[in-house]
K.L.:
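Attaching a single structure in structure tokens format; questions to follow.
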Amino acid sequence: MDTSERLVESLERLGVTRIFGYPGGRVIELFDDLPESSIDLVRPRDEREASVMAEMHGRLTGGPGVLAGQGPWIGSLGLIGQMEARLASSPMVAITEASERGDYSTIAPYQQSRGDYGGLDLPNILDSVTKEHWFPRTPNETIRSLQLAFKHAVAGRPGPTAVILDGDAITEEFPEDSIPPVWDEETQTRMWKAAPTPHDVAAATEALESAERPVIIAGNGVHAANAYDELQDAAEAYEAAVVTSYLGKSTFPETHRLAGGVIGSFGHEGANQVVSEADVLLVVGCRMNPMDTNWQAPDFIRPDEQTIIHADIDPRNAGWVYPADVGLIGDAAESLRELAASGGNDNEWAEDRASDARESFHAPECESDATPILPQRAVKEIERVVDEDTIVTADSGNNRFWLLNYLQVPAVGTYYGSGGVGGMGWATPAAVSAALETDKHVIGVAGDGGFSMTMNSVETAVEYGVAPTFVVLNDTSLGMVRQMQHGPDDISGVEFHDTDFVRVAEAFGAIGVRVETPDELGDALTDAASNDLPTVIDVRIDREQDMAETLQSSFYASVGGLHE
């Protein structure tokens, strides 16, 4: 068989059921063989949306989402999802190509991306974003590279990898026997889970058992390890309050008696205070980036006064930001399982303190009937239709922080946000990907700016027969940046034309609704959940509700405020 056929056969053996991509260049050989396979192709309108869909697929399934397309565009438009995957630890494999032209590649190159003189340097571009990349030159190398790309995408801290196809390495006949051999996919990609040492587990257990005010900070690593049950078991064993990072939201039900909310510079004041009061902190799968740590406000986390246990798959992350007293290096599920089985605590602090902290999920504005709709009230209307069979995807910008603070998720795996690289336009294609992968109702929430960037994804949802709800919190502006102004018109480029998103939705073959009151929004959300077509809800929100002023934590304010 041709190497392209063998490549598709490998993808099937690796369990791939769906590829997100756009045909072009040498990837056409791959796409030519897909119709005879069991793999479905999802072709959005461009590589940017395909890359986000692949990244979201990886988040949800724990297996690599596959992105495929022509090299210059995977290395430009398609970098959005790959950057998010790198910083949000989502397994992903990009299959692309160098657009070489054989003997013509060194003659005033056209699209050529091998990195030779006069051409683009795709290997260097992808090297700056991916965990690992391969540039195979023979059929054997092509298949082995694909296998290794899948293995490295999930090994240790998950992330994106890439295979760059080139010339004969994809078009030549694949040899039946070769030296060195190409092993079968199951053998070559087999993985083993890492676990912490008994000595470190014992040290962590001792610290948690002696704690009077134990707190767990759960990060995105809990999502990546699917360690939801283990997190709850450990929290209940030690009666520890549980707060999450931005990316860790929905790793723990926010209605649980030990849930304290989301930490960070625009997180819950109650959750931040809980962390500052802890005597023992167990940090699980969280790198503690500046947003999580309130830009290291001195009174927030204090290594000289608090015992810090840091559990992470990557030994470089444990103790990276704050010195750790104990490191638990291994898969988050393994670390939490060992802790839950090793000891317990019966303090009287955590449950009451977590209950007080959860008051931050509510504000008087959440009950307002004002028009334009207050964003706090809009989020509460969304919350009313969110249950354990719902997934919410959140974009970057003000909308994300309103959701983090006022959407109290009732179950794990119900909320995912753009918080790795934090690019606008993420939520809409991510919602389509989630709808394709699950039977759950999906709600993608974005501002009008972010929605406009990738609203072609609505058409993709129509084409592939899924019906997510797209909520556009519309203030006809780039709201977060506009609110950074020190005076009127202080920052250019923040006002948008008032786009008619209802007509846009209808042009794509979806349902469009414009709402101007909270009751209208509630009705539209209820109706959308039972629609057979995607629904775009254009929500006219109060643009004067200042996110940073409303949600900025006291710890963040203490170091000077807005660093975004």
Side-chain angles (χ1 to χ4, degrees), residues 1-14 16 19 21-37 39 41 47 54 64 66-76 78 82 92-107 109-127 129-153 160-185 187-189:
M1 62 176 67
D2 290 341
T3 303
S4 61
E5 295 176 85
R6 179 66 174 83
L7 191 73
V8 172
E9 186 177 281
S10 283
L11 289 168
E12 290 182 301
R13 292 173 180 173
L14 288 163
V16 175
I19 289 177
Y22 209 96
R26 288 294 186 188
V27 171
I28 289 176
E29 276 85 359
L30 169 65
F31 281 50
D32 186 44
D33 292 315
L34 284 179
E36 289 76 42
S37 76
I39 300 171
L41 172 65
E47 291 83 356
V66 180
L67 168 68
Q70 189 171 2
W73 323 126
I74 295 299
S76 54
Q82 293 176 80
M92 182 177 178
V93 172
I95 303 174
T96 186
E97 51 81 68
S99 291
E100 57 82 32
R101 295 292 187 272
D103 289 339
Y104 294 89
S105 288
T106 56
I107 304 174
Y110 167 65
Q111 294 184 337
Q112 192 272 106
S113 309
R114 299 187 311 192
D116 297 326
Y117 172 74
L120 304 173
D121 197 345
L122 182 63
N124 262 342
I125 292 171
L126 294 179
D127 184 58
V129 175
T130 60
K131 288 179 65 180
E132 303 286 350
H133 75 279
W134 290 263
F135 200 171
R137 298 303 204 279
T138 68
N140 276 12
E141 282 188 318
T142 295
I143 303 306
R144 182 169 173 79
S145 295
L146 182 75
Q147 294 173 345
L148 291 174
F150 271 75
K151 183 181 180 82
H152 281 264
T161 60
V163 177
I164 305 170
L165 305 175
D166 191 60
D168 295 341
I170 185 65
T171 57
E172 277 190 355
E173 184 175 335
F174 188 78
E176 290 187 11
D177 298 303
S178 63
I179 300 295
V182 176
W183 306 110
D184 68 87
E185 280 70 22
T187 299
Q188 189 65 70
T189 60

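Keep in mind that the numbers below use all heavy atoms, side chains included, and drop hydrogens, waters and symmetry copies. The structure presented is a predicted model; accordingly, all values stated were derived computationally and were not measured.
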K.L.:
For the OG1 atom of T161 and the NZ atom of K151, what is their distance to the nearest 0.5 Å?
P.N.:
12.5 Å

K.L.:
Working to the nearest 0.5 Å, report the span between CD1 of I125 and OG1 of T130.
P.N.:
11.5 Å

K.L.:
Should T142 and S145 be marked as a side chain to side chain contact (heavy atoms under 4.5 Å, CB included) after you check the CA-CA gap, both sets of side-chain angles, and the distance that decides it?
P.N.:
CA-CA 5 Å; T142 295; S145 295; 5.9 Å; no

K.L.:
Apply side chain to side chain donor-acceptor pair (under 3.5 Å) to residues E47 and Q70 and explain how you reach the verdict.
P.N.:
CA-CA 9 Å; E47 291 83 356; Q70 189 171 2; over 6 Å; no

K.L.:
With sequence neighbours excluded, tell me which residues meet side-chain hydrogen bond (donor to acceptor under 3.5 Å, both in side chains) with E132.
P.N.:
none

K.L.:
Heavy atoms, side chains only, cut-off 4.5 Å: are V163 and H133 in contact?
P.N.:
no

K.L.:
Output all residues satisfying side chain to side chain contact (heavy atoms under 4.5 Å, CB included) with T138, sequence neighbours left out; order by chain, then residue number.
P.N.:
N140, E141

K.L.:
Kindly write out the residues that satisfy ring-ring contact (aromatic ring centres under 6.0 Å, His included) with W73, not counting sequence neighbours, or none if the list is empty.
P.N.:
none

K.L.:
Taking only residues two or more places apart in sequence, or in another chain, which ones meet E173 in a side-chain hydrogen bond (donor to acceptor under 3.5 Å, both in side chains)?
P.N.:
none

K.L.:
Who passes side-chain hydrogen bond (donor to acceptor under 3.5 Å, both in side chains) against R26, sequence neighbours left out?
P.N.:
E29, E100

K.L.:
I need the S99 OG to Q112 CD distance, nearest 0.5 Å.
P.N.:
8.5 Å

K.L.:
Please name the pair of heavy atoms, one in A153 and one in P64, separated by the smallest distance, quoted to 0.1 Å.
P.N.:
CB-CG, 3.9 Å

K.L.:
Please round to the nearest 0.5 Å and tell me the distance separating atom CH2 of W134 and atom CG of L165.
P.N.:
13.0 Å

K.L.:
Mind checking what makes side-chain hydrogen bond (donor to acceptor under 3.5 Å, both in side chains) contact with D168, not counting sequence neighbours?
P.N.:
none

K.L.:
Decide yes or no for T187 and D184: does some side-chain heavy atom of the first lie under 4.5 Å from some side-chain heavy atom of the second?
P.N.:
yes

K.L.:
Which heavy atom of P136 sits nearest to which heavy atom of D166, and what is that distance?
P.N.:
O-CB, 4.1 Å

K.L.:
Report yes if some heavy atom in the side chain of R144 is under 4.5 Å from a heavy atom in the side chain of P139; otherwise report no.
P.N.:
no

K.L.:
Tell me whether S113 contacts the main-chain N or O of Q111 through its side chain, where contact means a donor paired with an acceptor under 3.5 Å.
P.N.:
yes

K.L.:
Can you see which heavy atom on I143 is nearest to which on S10, and at what distance?
P.N.:
CG2-OG, 3.5 Å

K.L.:
Kindly write out the residues that satisfy side chain to side chain contact (heavy atoms under 4.5 Å, CB included) with T106, not counting sequence neighbours, or none if the list is empty.
P.N.:
R114

K.L.:
Work out which heavy atom in A68 is nearest to a heavy atom in I19; give both atom names and the distance.
P.N.:
CB-CG2, 3.9 Å

K.L.:
Pick from I170, L41, V8, T3: which one makes a side-chain contact (heavy atoms from CB on, under 4.5 Å) with L30?
P.N.:
V8

K.L.:
Who are the side chain to side chain contact (heavy atoms under 4.5 Å, CB included) partners of R13, not counting sequence neighbours?
P.N.:
R6, E9, E185

K.L.:
What distance do I95 atom CD1 and L11 atom CG have between them, rounded to the nearest 0.5 Å?
P.N.:
4.5 Å

K.L.:
Check whether T96 reaches the backbone of G69 with its side chain - one donor and one acceptor, N or O, closer than 3.5 Å.
P.N.:
yes

K.L.:
Using a 4.5 Å cut-off on heavy atoms from C-beta on, say whether the side chain of L7 contacts that of L146.
P.N.:
yes

K.L.:
Mind checking side chain to side chain contact (heavy atoms under 4.5 Å, CB included) for D2 and listing every partner two or more places apart, or none if nothing turns up?
P.N.:
S4, E5

K.L.:
For residues W183 and Q147, report the shortest heavy-atom separation together with the two atoms involved.
P.N.:
O-NE2, 2.8 Å

K.L.:
Give the minimum heavy-atom separation between L67 and G78, together with the two atoms involved.
P.N.:
CD2-O, 4.1 Å

K.L.:
Would you give the length of the straight line joining atom CD of Q82 to atom CD1 of I74, rounded to the nearest 0.5 angstrom?
P.N.:
6.5 Å

